[in-house]
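Predicted model only: the values in this text are computed from it and were never measured.
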Protein chains: 2
Amino acid sequence: MNVQEKVFTDQQEKMARYSKALGHPVRVFIMDFLLKNADKCCYSGDMAEELPIARSTLSQHLSELKAAGLIQGEINPPYIKYCINKAGWAEAKELLDTFFYRK
Amino acid sequence: MNVQEKVFTDQQEKMARYSKALGHPVRVFIMDFLLKNADKCCYSGDMAEELPIARSTLSQHLSELKAAGLIQGEINPPYIKYCINKAGWAEAKELLDTFFYRK
DNA sequence: TCTTTGTTTCGTAATTAGACGAAATACTAA
DNA sequence: TTAGTATTTCGTCTAATTACGAAACAAAGA
């Protein structure tokens with residue numbers, strides 16, 4: 001396999017990945033919800049009640065955010081408690097910060 | 001037509017729209033490029049030289065960023081000089097800011 | 001008038017995203 | 001063991017995104 005010329009910087013790639021994850025109103029809503037209730041347990045069902053989408057669709061959005069590293073789920077059957085992934089959140093915050101407030 | 005219950009706030013909708021626009025490495029690259037060269041004129045061709053994609057594809061990405069309100073193009077045939085749309089950029093910055101640094 | 005030039009638009013193909021309902025999962029409680 | 005519960009996974013469909021090359025455009029210069 002060839003060593004491919006790199007076109008985008010790591011920052012640009014990551015920036016695009018985090019942005020894409022936040023590129024849907026349901027997923028922005030989820031992040032808002034989790035951040036607002038960072039002290040409590042947040043279950044999928046709590047969010048489902050406020051959203052006009054099928055539970056399976058919500059589950060899909062949750063796993064996209066999880067794959068992007070923005071949230072994590074702690075299994076506690078039959079519930080799953082969701083919360084912010086602090087490392088991912090901090091990285092996204094920093095990336096966005098240097099992107100918008102560049103020197 | 002019914003008055004539909006609003007599910008997402010304006011902020012959430014806008015947040016998702018701006019994020020989606022930045023959800024591709026080529027578009028992040030374009031923003032970086034325009035911000036870095038804010039003083040100069042930036043033509044499509046200048047960016048095309050650094051990107052491994054067809055010019056028509058680049059043009060598509062440019063018009064997505066334009067549709068999202070993040071950039072604008074001043075026609076100066078046969079060139080088109082692109083630059084940041086300051087109003088959109090400021091709004092995106094503010095949205096991201098309150099999203100990440102909420103109180 | 002005919003070329004040339006930089007860029008966009010068009011037509012099209014391949015891939016990914018977003019949505020749903022039905023079925024599966026994994027644990028609790030009866 | 002059986003039933004119940006919250007959630008996910010699966011299969012499927014439709015729509016949107018990403019990409020390309022060819023053709024169109026609009027002005028400048030020969």
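Taking atom NZ of residue B/Lys81 and atom C1' of nucleotide D/dA27, one finds them 18 Å apart after rounding to whole Å. Here the C1' atom of nucleotide C/dT7 and the CD1 atom of B/Ile80 are 6 Å apart, to the nearest Å. Nucleotide D/dG21 holds its C1' atom 14 Å from the CD1 atom of B/Ile53, rounded to whole Å. One can place CG of B/Leu62 at 10 Å from C1' of C/dT8, the figure rounded to the nearest angstrom. With rounding to whole Å, B/Tyr43 atom OH is found 17 Å from C/dT5 atom P. Distance, B/Leu51 CG to D/dA19 P: 10 Å, rounded to whole Å. D/dT8 atom P lies 9 Å from atom CD1 of A/Ile71, rounded to whole Å. B/Met47 places its CE atom 15 Å from the P atom of C/dG6, with the value rounded to the nearest Å.
Residues A/Leu70 and A/Arg27 are not in side-chain contact: their nearest non-hydrogen atoms beyond the backbone lie 4.5 Å or more apart. Counting heavy atoms from C-beta on, the side chains of A/Asp97 and B/Tyr101 come closer than 4.5 Å. Here the side chains of B/Leu62 and B/Met47 are in contact, with some heavy-atom distance below 4.5 Å. Looking at heavy atoms from C-beta onward, A/Ile53 lies in side-chain contact with A/His61 at the 4.5 angstrom threshold.
Residue-level contact check: B/Ser56 touches the bases, meaning some heavy atom is under 4.0 Å from a base atom. Within 4.0 Å of A/Leu58, counting heavy atoms only, lies no atom of the nucleic acid at all. Using a 4.0 Å heavy-atom cutoff across all strands shown, B/Glu64 reaches sugar-phosphate atoms only and no base atom.
A close approach under 4.0 Å does not occur between any side-chain nitrogen or oxygen of B/His24 and OP1 or OP2 of C/dT16. Remark: B/Thr57 is in phosphate contact with D/dC20, judged by side-chain N or O atoms under 4.0 Å from OP1 or OP2. For A/His61 and C/dA19, the shortest distance from a side-chain N or O to OP1 or OP2 is below 4.0 Å.
When each of A/Arg55 and A/Lys20 is assigned the nucleotide of DNA chain C with its nearest heavy atom, A/Lys20 is the one assigned upstream, toward the 5' end.
Taking the ring axis of B/Phe99 as reference, the NZ or CZ atom of B/Arg102 stays within 45° of it and closer than 6.0 Å to the ring centre.
At a cut-off of 3.5 angstrom, the base of D/dA19 holds at least one donor-acceptor pair with the side chain of B/Gln60.
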